[in-house]
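For reference, the structure is listed below as structure tokens.
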Amino acid sequence: MQEEDASNSVKGDSENGSILDEDELQLRKLGYKPTLHRSWHLLESFAASFVALNFIGGVRAGIFLGLLAGGPMAVWSTYIISMIFMFITAVVLAEICSALPISGSIYIWAAESAGPKYGRFFGFIVAWWSCTAWMTFAAGNCQTAANYIVSEISVWDIDFPGGTTYDNVKWRAVIWAISEGILCCAIAINYIPPRWYSRIFRISVGLYILDFLLCVIWLPIGVSRTYGFRSAKDVFTMSYNGTGAPAAWNWILSFLFSAGTMIGFDASGHIAEETKNASVVAGRGIITSVVATGVLGFATTILFLFCTPDLDVFFALDAPQPFVQIYALALGKGPSIFMTIIAVLGLILSTSVAIVAASRLIYAVARDGVLPMSRWIGQVDSNKQPKNAVTIMFIFGACLLCTIIPSQVAFTSLISAGGIPTTAAYGLIALLRLTMTPDDFKSSHFYLGRWRKPMYIAAILFNGLILATQISPFFFPVTAATFNFAPVILGVVTIFGVLSWYFVPQSKWLRESLVEYTFRAADEPASTAGPSGLRQRASVATEDPDVKE
């Protein structure tokens, strides 16, 4: 791609002129040529993570898990702890994101956090982790949306041939067909031009706020007129053990819900090459999205704790998405359809935005040449959009959803590790920053200074705890039916990463010279602002001859 003429930087709007040029210069300095469109701002960067996280959908889907593990007291108490430490983790990632605003973000962050000597090894590991997480997340989201739709069958007492259980292959086929349709909708949205897609970001944020307001206003009115609110004593002091785990671990298992609603905020980093003033905006997108998700998610959690029926009734709900039945109990059957439509639209948009993040990750890997058909996958269209990477997301997601038909257990096992690699990557990056590069990347706009090591340690310990809960059995004693396959899948993915690192030649992907070059360029301290008033960096002494297209 040819660089824009220098005269383009002389514009009245500095954001559309000089900052755009500085973004391109920084990307070239890090070893990559700009090829993607760059028209998104803070709102889009914020929405990339905020919409993918889907705070209200995440609470609706996961609160059952939290209540089953520890009850209401565990749900709200672990949520407060999760907010504090996820905010710290977000700041740790924003620090390195500011120094390395590159598509594929998280595996580049891991590689450079390890330093030139070990960067290639950890880059391979985290690339496999993050691709697994984001690509399976999209398929899992589609089935979650399908569960909302088919749950109306239980609300309206409609007989289904063979019954509405996953033992019934006809039932699984229906869920598969709906899930594939939802995936097609989410993928289709990704083919629109980037400038139009910014409207999708705005619509998604607006829809989530509408969903939240309906739950805050309409749901309590309905509950007050039907089965009534839970008491404050129940909400803030009641515990429950539905896992069979020892009391302390039973409480800790509630982190699966509370922390799980805030995993995935690295999406803002994946679109950094498409964001103006990326070294500042991408980091802000990470921080603001997780803060908004945490605060609004906590408010939603407290609301739902007061609005859920007695736990005996709660756990007796038998729909694939029991919250549809709660809406029916509180608001009526007709209004439950409206709330279901809002939830499904939110999940379609969340899936679409997750595909944006995942496709940029795939594009970044292909750009470096390691994937089969890398040249085709890494191509961009006339709108400077990686449409072929989006197509790969569709093929992968559609194939993964097909496993629902032969076995729902197989599908659940495949997507069970969706959040685990991301948690592992968050903790690993903090660990590498603490042990390998604690005094580097001082050029970051979010450099943590004297607070960096305490924050690295906090992020390591917390994400280590969450990883332990994610690979732990959920029901005790453990049987073949309740075995958690997530650690097996994480182990297999890690082995693939190690084997790839060993067998893929350095000339193919993440060669050591580029890792060192990027590390050296990103670690340069910022100088004083130049005549234009913009933030300037010292130039790299020599240009890398193999700058990536």
Side-chain angles (χ1 to χ4, degrees), residues 51-52 54 57-58 60-62 128-153 160 162 164-191 260 263-264 267 319-321 324 340-341 343-359 361-362 371 377 387-422 484-486 488-490 492-493 496:
V51 176
N54 189 358
R60 261 194 303 252
W128 273 90
W129 284 355
S130 54
C131 285
T132 300
W134 281 102
M135 294 177 75
T136 56
F137 173 76
N141 241 20
C142 292
Q143 197 210 18
T144 300
N147 284 342
Y148 273 94
I149 296 172
V150 299
S151 291
E152 288 293 342
I153 292 176
F160 186 87
T164 56
T165 67
Y166 286 106
D167 294 332
N168 182 3
V169 67
K170 294 180 181 178
W171 177 251
R172 296 199 302 272
V174 167
I175 292 177
W176 165 77
I178 296 174
S179 300
E180 293 282 12
I182 290 169
L183 177 63
C184 289
C185 292
I187 290 289
I189 296 172
N190 272 265
Y191 287 130
I263 295 173
Q321 175 41 265
V324 174
T340 296
I341 291 172
V344 170
L345 288 175
L347 283 165
I348 291 174
L349 293 172
S350 175
T351 305
S352 175
V353 172
I355 291 169
V356 170
S359 62
L361 176 66
I362 295 169
L371 295 177
I377 296 172
K387 282 190 176 180
N388 293 343
V390 174
T391 301
I392 290 297
M393 275 296 302
F394 171 68
I395 295 170
F396 179 88
C399 291
L400 186 59
L401 285 170
C402 287
T403 61
I404 294 174
I405 297 178
S407 171
Q408 173 63 24
V409 174
F411 176 75
T412 303
S413 297
L414 287 171
I415 66 168
S416 64
I420 296 176
T422 304
N484 183 3
F485 286 93
V488 177
I489 296 174
L490 180 63
V492 170
V493 171
F496 283 148

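Looking at every heavy atom in both residues, Tyr148 comes nearest to Thr340 through O-CG2, 3.6 Å. Contact detail for Ile182 and Cys142: the closest heavy-atom pair is CD1-O, 3.8 Å. The shortest heavy-atom contact between Ala146 and Ser179 is CB-OG, 3.4 Å. Scanning both residues, Leu361 and Trp134, for their nearest heavy atoms gives CD2-CD1, 4.3 Å. In this structure, Thr403 and Leu400 approach most closely via the heavy-atom pair OG1-O, 2.6 Å. Of all heavy-atom pairs spanning Glu152 and Val324, the tightest one is OE2-CG1, 3.4 Å.
With hydrogens and angles left out, the side-chain atoms of Ser359 and Asn190 include no donor and acceptor closer than 3.5 Å.
One finds the CD1 atom of Ile420 at 6.0 Å from the CG atom of Asn484 (value rounded to the nearest 0.5 Å). To the nearest 0.5 angstrom, Phe137 atom CZ is 10.0 Å from Ile355 atom CD1. Between atom CD of residue Glu180 and atom CD1 of residue Ile187 there is a gap of 10.5 Å, rounded to the nearest 0.5 Å. Interatomic distance, CE of Met393 versus OG1 of Thr391, reported as 11.0 Å (0.5 Å rounding). For the atom pair Lys170 NZ and Thr164 OG1, the distance stands at 14.0 Å (nearest 0.5 Å). Note that the CG atom of Leu401 and the CD1 atom of Ile178 stand 12.0 Å from one another [nearest 0.5 Å].
A search for side chain to side chain contact (heavy atoms under 4.5 Å, CB included) contacts involving Phe496 returns Trp128, Val492, not counting sequence neighbours.
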Take Leu490 and Trp129, measure what side-chain contact (heavy atoms from CB on, under 4.5 Å) needs, and give me the verdict at the end. CA-CA 8 Å; Leu490 180 63; Trp129 284 355; 3.7 Å; yes
Check against side-chain contact (heavy atoms from CB on, under 4.5 Å), Phe396 and Ile362: CA-CA 12 Å; Phe396 179 88; Ile362 295 169; over 6 Å; no
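Looking only at side-chain heavy atoms (C-beta outward), Ile189 and Ile348 come within less than 4.5 Å of each other. The side-chain heavy atoms of Pro320 and Trp171, taken from C-beta on, include a pair separated by under 4.5 Å. A 4.5 Å side-chain heavy-atom check between Leu183 and Phe394 finds at least one atom pair inside the cut-off. Proximity of Leu345 to Ile341: side-chain heavy atoms (C-beta onward) are separated by under 4.5 Å at one or more points.
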